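The structure displayed is predicted, hence computed values, not measured ones. Along the sequence shown, residues carry numbers from 1.
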Amino acid sequence: MSQLPTLIADLALILICAGIMTLLFKKLKQPLVLGYVVAGFLASPHMPYTPSVMDAANIKTWADIGVIFLLFALGLEFSFKKIVKVGGSAIIAACTIIFCMILLGIGVGMGFGWHRMDSLFLGGMIAMSSTTIIYKAFDDLGLRKKQFTGLVLSILILEDILAIVLMVMLSTMAVSHNFEGTEMLESIGKLAFFLILWFVVGIYLIPEFLKRCRKLMGEETLLIVSLALCFGMVVMAANTGFSAAFGAFIMGSILAETIEAESIDRLVKPVKDLFGAIFFVSVGMMVDPAMILEYAVPIIVITMAVILGQSIFGTFGVILSGKPLKTAMQCGFSLTQIGEFAFIIASLGVSLHVTSDFLYPIVVAVSVITTFLTPYMIRLAEPSSSFVDAHLPTSWQKLLMRYSSGSQTVLNHENLWKKLILAMVRITVVYSIVSISIIALSFRFVVPFFKENLPHFWASLLGVVFIILCIAPFLRAIMVKKNHSVEFMTLWHDSRTNRAPLVSTIVIRIMIAALFVIFVISGLFKASIGLVIGVAVLVVLLMVWSRRLKKQSILIERRFFQNLRSRDMRAEYLGEKKPEYAGRLLSHDLHLADMEIPGESNWAGKTLMELNLGKKFGVHVASILRGKRRINIPGGSVRLFPMDKIQVIGTDEQLSVFNEAMQNGAKIDWEIYEKSEMTLKQFIIDSDSVFLGKTLRESGIRDKYHCMIAGVESEDGSLMVPDVNIPLKEGDVVWAVGEKEDVYQLVNQKKEKVQAG
């Protein structure tokens, strides 16, 4: 008998432990992440009473794949447009929390006398709250429809993207062992360059590729192509000096902008769940009880730092963004835990060999403790805010109210000059990055090919022409874009003093385009600087005046924005996008919540008038989304159907009561469900039968006994479809179908009649 491979045996042990722990933690209503960590501890060599994993190296490889899938799935849920939509409040709050928590973590680490990299990585670990755990806690506590949860989830979106940036920066510092400002700026610049390049090129090419191949792609093909794109970006990111997780996140974010995003997310989820489970199990395998006992004091201190730090800095950050004290404390108290990103950053430190062995188990222990405390901290927020509000000096209360109302005006104010300059800078930076990439690739691959096959002069000339033609649409956009915008023309006509600065913006952008052309020409030709500048100016002027180039530039930009908006356009078509007025309700303590009628709901089939939701719960149904139909302001005669998505307006309390009533109306009585099994029975029509001589319509078999006659078998053995108007004859065998109790009642009723006779 052949020996079972070690990898298979280890995988079997991991999945058995994980399966048992997930069932147990589901029963205890705790996050599954903790179950995986406990499963890893049980399968580790640190637990002498259970079998142990034999080859940890293989599990480490699978865990690395798990990180890739976790970040890819996170990218699919993320969207670059979400950063714009979360608003200034979430940006201010998230940046404040992360900056303060990193400093707190560094301070705690240095207080214990740890190495500089240990302290730095600790700061990164405790800065990121757990999206998975908070989602689970909100669901368990029935708070997903509350107003403050929207801000919390917006903060988490920003924390996720900032966590990726932080991982890149930590990797750079770990490899270079350098904390100089120039080194840091260089790393951030490199990150921004590749982030913008991959995003722009990815959004331009990948949705178009998927669109052209849509007819060829079934679910299996779509899964394989998506994973191919994911791992292709992982390899590209690794070859340019970034982590594999960063590449996976970027490709997930690009695919999140496509129409196929939901399908890809659904197909990838089982794979992500499997490898993600292995990653979290590998986290648990690194937990050493002896080390936890040895470092019990740091664990307690760091736990307190996470809980108090996130509560205080989270509250402060949200107040700083202009929100009321109650909302700020609800948000801050919800963020008091660390989870998956702490594990990922910890594993990054281990893989780079820059953190000490004790840091990983400490972080796992802190995560377990803070996760268990999360629901209690969320519940504590409201009474704490009431206590603070009652004991806060009146002058402070007035100051907070003035700041809260005044900051909204500041955040929403837009200046024409600011808007115009930001747009010009954005266009210049993005198109410059694309142009630099084209030039670099051309000098690396295209120009050498020309020089190998052509004389030197003609190869150089052809190289210059090729590169300039490739970058021309982007250089023209840098020079011309926004010169006829509403902001530009308004400022131009508003005052003569604006005209000189506006002209200077055009001149500067023309000079930038000319520098690109000068660089290309001088790189391939040895000529006087005056001649090169003259040719560059002529080329730039031809770009500005070329109508064909203008058309090409517009088409490129139009396709990019069509691809970027394709998912939103589909959502608008299917009625999945929230209406614009939803944001205006927040100032009146109302908000719009999306809910779904459960398939088992006893509300299904009833009209809005029959349900009388407004009178019972104080809410208003604004829209019903049914498949591809949207019913706005439905009347009282409109019926609700299973799986209808309804948009409801109300306060936090009203929506919470409404949602609870809707879910309670969908509970299944499993005892009745199990008793409702259908069965098939036969009985004979004899001389004593009560049904002899009666038609099926007269017998009452369907109405009285709730059974159906599937067929009638005559004396010659033939089975006929029953005719409701033909009387039953002696010797007929009736085939009755119904629920068990009803069928047996039908048969027993007949027998009792016989005995009575």
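Side chains of K211 and I259 form no contact here, defined as non-hydrogen atoms less than 4.5 Å apart. Counting only heavy atoms from C-beta outward, the side chains of F280 and L70 approach each other to under 4.5 Å.
Under the 3.5 Å distance criterion, the side-chain polar atoms of S546 are left unmatched by any main-chain donor or acceptor of M543. Judged by distance alone, the side chain of S129 and the main-chain N or O of L335 form a donor-acceptor pair under 3.5 Å. Put simply, the side chain of D265 never gets that close to the backbone of L76: no donor and acceptor are under 3.5 Å apart. Proximity of a side-chain donor or acceptor of S119 to a complementary backbone N or O of H115 within less than 3.5 Å is detected. Side-chain atoms of R509 come within 3.5 Å of backbone N or O of K481 as a donor-acceptor pair. A distance-only check finds no donor-acceptor pair linking the side chain of S553 to the backbone of K550 [under 3.5 Å].
Around NZ of K272, the count of heavy atoms belonging to other residues, nucleotides or ligands within 6.0 Å exceeds 12.
Remark: D273 engages K269 in a salt bridge, criterion side-chain N to carboxylate O under 4.0 Å. Using a 4.0 Å cut-off between charged side-chain N and carboxylate O, E208 and R212 make a salt bridge.
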Test side-chain contact (heavy atoms from CB on, under 4.5 Å) applied to E260 and M217, step by step: CA-CA 11 Å; E260 290 82 3; M217 284 195 185; over 6 Å; no
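With 3.5 Å as the limit, one finds no donor-acceptor pair spanning the side chains of D118 and T355.
Relative orientation of the F246 and W198 rings is tilted, given thresholds of 30° and 60° on the angle between their planes.
Aromatic ring centres of F209 and Y204: separated by at least 6.0 Å.
Interatomic distance, F121 CZ to I345 CD1, rounded to the nearest 0.5 Å: 8.0 Å. If you take CG on L223 and CD on E220, they are separated by 8.0 Å, rounding to the nearest 0.5 Å. Atom-to-atom distance recorded for M424:CE and M479:CE is 13.5 Å, nearest 0.5 angstrom.
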I'd like a table of donor-acceptor pairs (distance under 3.5 Å, sequence neighbours excluded) in which one partner is a side-chain atom from residues 443-471, with atom names and distances.
residue	atom	partner	partner atom	Å
N453	ND2	F449	O	2.7
S460	OG	H456	O	3.0
S460	OG	L524	O	3.3

